[in-house]
Amino acid sequence: MKPPATKADSFSQQQKLRATFWLGGLGLACLLSLILALLTGSISVSGYDLWQLIIDTLTLSSPSTSSNTLATTVMTELRLPRALSALVVGAELALAGCLMQVLLRNPLADPYVLGVSGGAAVGALFSIMSGLGAFWVSGSAFVGALTNLLLVFGLSHAKGVWSPSRLLLTGVVTAAGWGAVISFMLSIGEDNQLRGMLFWLMGDLSRASLPGWHGLFLLISLVISALLARPLNMMLRGELQAKALGVSVYPLQITLYLLASVLTASAVTQAGSVGFLGLVVPHILRLSLGSDHRLLLPATALAGACLLLLADTLARTLIAPQQLPVGVITAFIGVPVFLWVLQKSNRGLT
Amino acid sequence: MTHISPPLLSTLGLTVTIAGKTLCQDWALALNQGEIWGILGGNGAGKTTLLHTLAGLRAADNGQVLLQGIPLEQLKSRQRAQQLGFLLQDDSTAFPATVLETALQGRHPHLGPFAWESQSDENLAHNALQRVELDDFCQRNIDQLSGGERQRLKIATLMVQQPKIWLLDEPANHLDLHHQVSLLQQLLADVKQQSGCLLMSLHDLNLAQRFCDHLILLFPEGPMIGTKEELLTEERLEQLYQHPIRRLETEAGPVFIPA
């Protein structure tokens, strides 16, 4: 039995403390994963090399004579862009999943449920089949994702009746349609392209470059989601209840749909369709942090970022020199962790 | 007209239809400060639809609903919710939340976009939970509450919202006899304290007799408005419910029973 909360330390005070604790902890975890990701790999880099690199960067001085140029190059040219991409993609997917779960009023929704990744995959696979370069693969993936966004939005609004369940059905069926196109493309693809296509479908960060505008977009999304956080809390109690408490429900739903879809589009453009992260991370945090989105949304983004970076570090070191697509690792970790948390929370309830 | 300020809630040429059925046509209603109104009608008579329209949760087919003289559609949702509170019939527990968190949601329309609840918001929530006798359940998850406890929590959330205009859809749902009476008394005290007005749909004629001063009877031909004394007669109620009803005079006041 917990002792009854004393009236002296107020609930919102406790909430803020909890938020600081969790967000600080998760931020630290991200930082540690980043250090780990920079240090591990087939070319060994020492902590001293990293320290030297940080000092040089901070003081804006040219690399000192004592620094190991190979190590510096490996870290800044190879590992850092990939690690930053992993952080951004992880945060985007987890955040999109969390938003999608509220929009669809279904705790089991994930960022891909409305077919964004399917549309992106068709675009990406088409580019791979046409033998186009990485830039075109990313570009056409983004175009595919946006096509799906407009298609599902338009179809679910046809005839003017609109509801989250209609959106869900439209999205799920559209996703199945993309699935059929993907199967078709895989079956006619040439053998030497199939591996690249499959890696894209599983989610792979080996082609990732510095996140650039994706990172900027993530930051903007985080600010928007902070604005949406309290209205989202109201939405959990049902659309009508949210309306009765002064939430403009329809504009909020449209914003949620667009934000979650574009976040997902941005993530799949960088890394292909990395699975499980967008379902598992928000769900685990919901079970352990409760459902106040003022804490949940930033915590989800940080946890997603940290987890994807760790998974990617594993993916490139586990059976090195061969690299695994990171989607394989997220699934391997995500499924048991999710089941474990679910079991644990069930025990807590009874 | 003795009222200088506009009525708290009024309608202008209001027409509401649902599924091809017209609930009211070109209808005028005015709720003034201090008035307690009841809506009576059989199943499917349109009590909920009418209440939702008056609260702006549903668009009217024609005409306007005015809050203190201002058309509802000219108000932002948040401004509306600062003045008008609504008790819904249904609630959702698909996502977890604690009792205290849910009660605090009543402060939402009064808080800025990035604000957190202050100590005084929290005191309001604790106070309301105490009044509905849920203060021991603050940290309990809402899916562990009984139907009646959830109803009391919804009422507490509304008390925390502190509106001027109170619209309640079957507030007595799921409540035991004691809580029906004690919570309606509490709500009426809040309405009085806010110098507000209240409109609630009820199935229990005796609660209507006890708490309301004005009534809306929803007949298939359209709504009938009047004072309690005019409308709570055997003849009218039999017509309304299509069922014989007896009015008995007791020392606790008149009592209605289905014959």
Side-chain angles (χ1 to χ4, degrees), chain A residues 2-5 7-16 19 98 101-102 104-109 223-224 226-252 282-283 286-296 345 348-350, chain B residues 52 55-58 75-98 100-123 125-126 136 138-139 141-144 154 157-158 160-161 163 167 169:
Chain A
K2 274 192 293 187
K7 290 269 147 92
D9 38 326
S10 78
F11 172 72
S12 48
Q13 220 60 34
Q14 288 172 11
Q15 285 291 83
K16 275 186 203 162
C98 198
Q101 289 169 1
V102 187
L104 299 172
R105 303 195 46 69
N106 190 332
L108 291 177
V223 175
I224 299 177
L227 260 174
L228 298 182
R230 231 181 45 236
L232 289 184
N233 292 347
M234 309 292 134
M235 288 293 282
L236 295 185
R237 304 272 72 79
E239 266 176 55
L240 272 179
Q241 178 66 21
K243 246 186 193 174
L245 286 170
V247 176
S248 310
V249 170
Y250 179 68
L252 176 63
H283 210 88
R286 233 180 254 288
L287 290 172
S288 38
L289 292 186
S291 43
D292 186 343
H293 287 84
R294 290 174 289 191
L295 169 58
L296 192 59
S345 78
L349 284 177
T350 48
Chain B
H52 281 192
L57 302 180
R58 182 185 187 282
L75 290 170
K76 292 200 173 111
S77 311
R78 179 159 169 258
Q79 293 172 318
R80 184 212 348 111
Q82 287 168 354
Q83 301 176 47
L84 188 149
F86 197 95
L87 184 79
L88 287 165
Q89 252 191 72
D90 315 305
D91 59 353
S92 157
T93 55
F95 288 89
T98 66
L100 181 60
E101 279 171 351
T102 309
L104 272 173
Q105 292 195 333
R107 294 315 293 162
H108 178 70
H110 302 284
L111 295 174
F114 287 107
W116 288 62
E117 293 84 0
S118 68
Q119 184 63 54
S120 66
D121 295 324
E122 215 179 304
N123 293 344
H126 277 296
D136 292 337
C138 280
Q139 295 309 322
N141 200 315
I142 48 172
D143 61 7
Q144 290 171 285
K154 274 160 41 188
T157 309
L158 193 63
V160 172
Q161 192 182 345
L167 302 186
D169 198 357

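We name chains A, B, ... by the order of the sequence lines, and we start the count at 1 in each one.
- How far NZ of B:Lys154 is from CZ of B:Phe86: 10.0 Å, rounded to the nearest 0.5 Å.
- If you tally non-hydrogen atom pairs under 4.5 Å between each of B:Leu75, B:Leu100, B:Leu167 and chain A, the highest count goes to B:Leu100.
- If you tally non-hydrogen atom pairs under 4.5 Å between each of A:Gly238, A:Gly290, A:Ser248 and chain B, the highest count goes to A:Ser248.
- The backbone N or O of A:Asn233 sits less than 3.5 Å from a side-chain atom of B:Gln105, completing a donor-acceptor pair.
- If you tally non-hydrogen atom pairs under 4.5 Å between each of B:Ile142, B:Leu104, B:Leu88, B:Thr157 and chain A, the highest count goes to B:Leu88.
- Residue contact with chain B, scored on non-hydrogen atoms closer than 4.5 Å, is absent for A:Val249.
- The candidate from B:Cys138, B:Pro109, B:Ser118 with the greatest count of non-hydrogen atom pairs under 4.5 Å with chain A is B:Pro109.
- The two residues B:Val160 and B:Ala125 make their nearest non-hydrogen contact at CG2-CA, 3.6 Å.
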Practice item. Please lay out, stage by stage, how B:Asp121 and B:Leu111 fare under the test side chain to side chain contact (heavy atoms under 4.5 Å, CB included). Key: CA-CA 10 Å; B:Asp121 295 324; B:Leu111 295 174; 3.4 Å; yes
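- Note that the CG atom of B:Leu84 and the OG atom of B:Ser77 stand 12.0 Å from one another [nearest 0.5 Å].
- At a 4.5 Å heavy-atom cutoff, the contact between B:Arg80 and chain A is made by side-chain atoms alone.
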Point to revise | Candidate pair B:Glu117 and A:Lys16, rule salt bridge (charged side-chain N to carboxylate O under 4.0 Å, His left out), full reasoning | key: CA-CA 10 Å; B:Glu117 293 84 0; A:Lys16 275 186 203 162; over 6 Å; no
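- For the options A:Arg237, A:Lys243, A:Arg230, A:Gln241, heavy-atom pairs under 4.5 Å to chain B are most numerous at A:Arg230.
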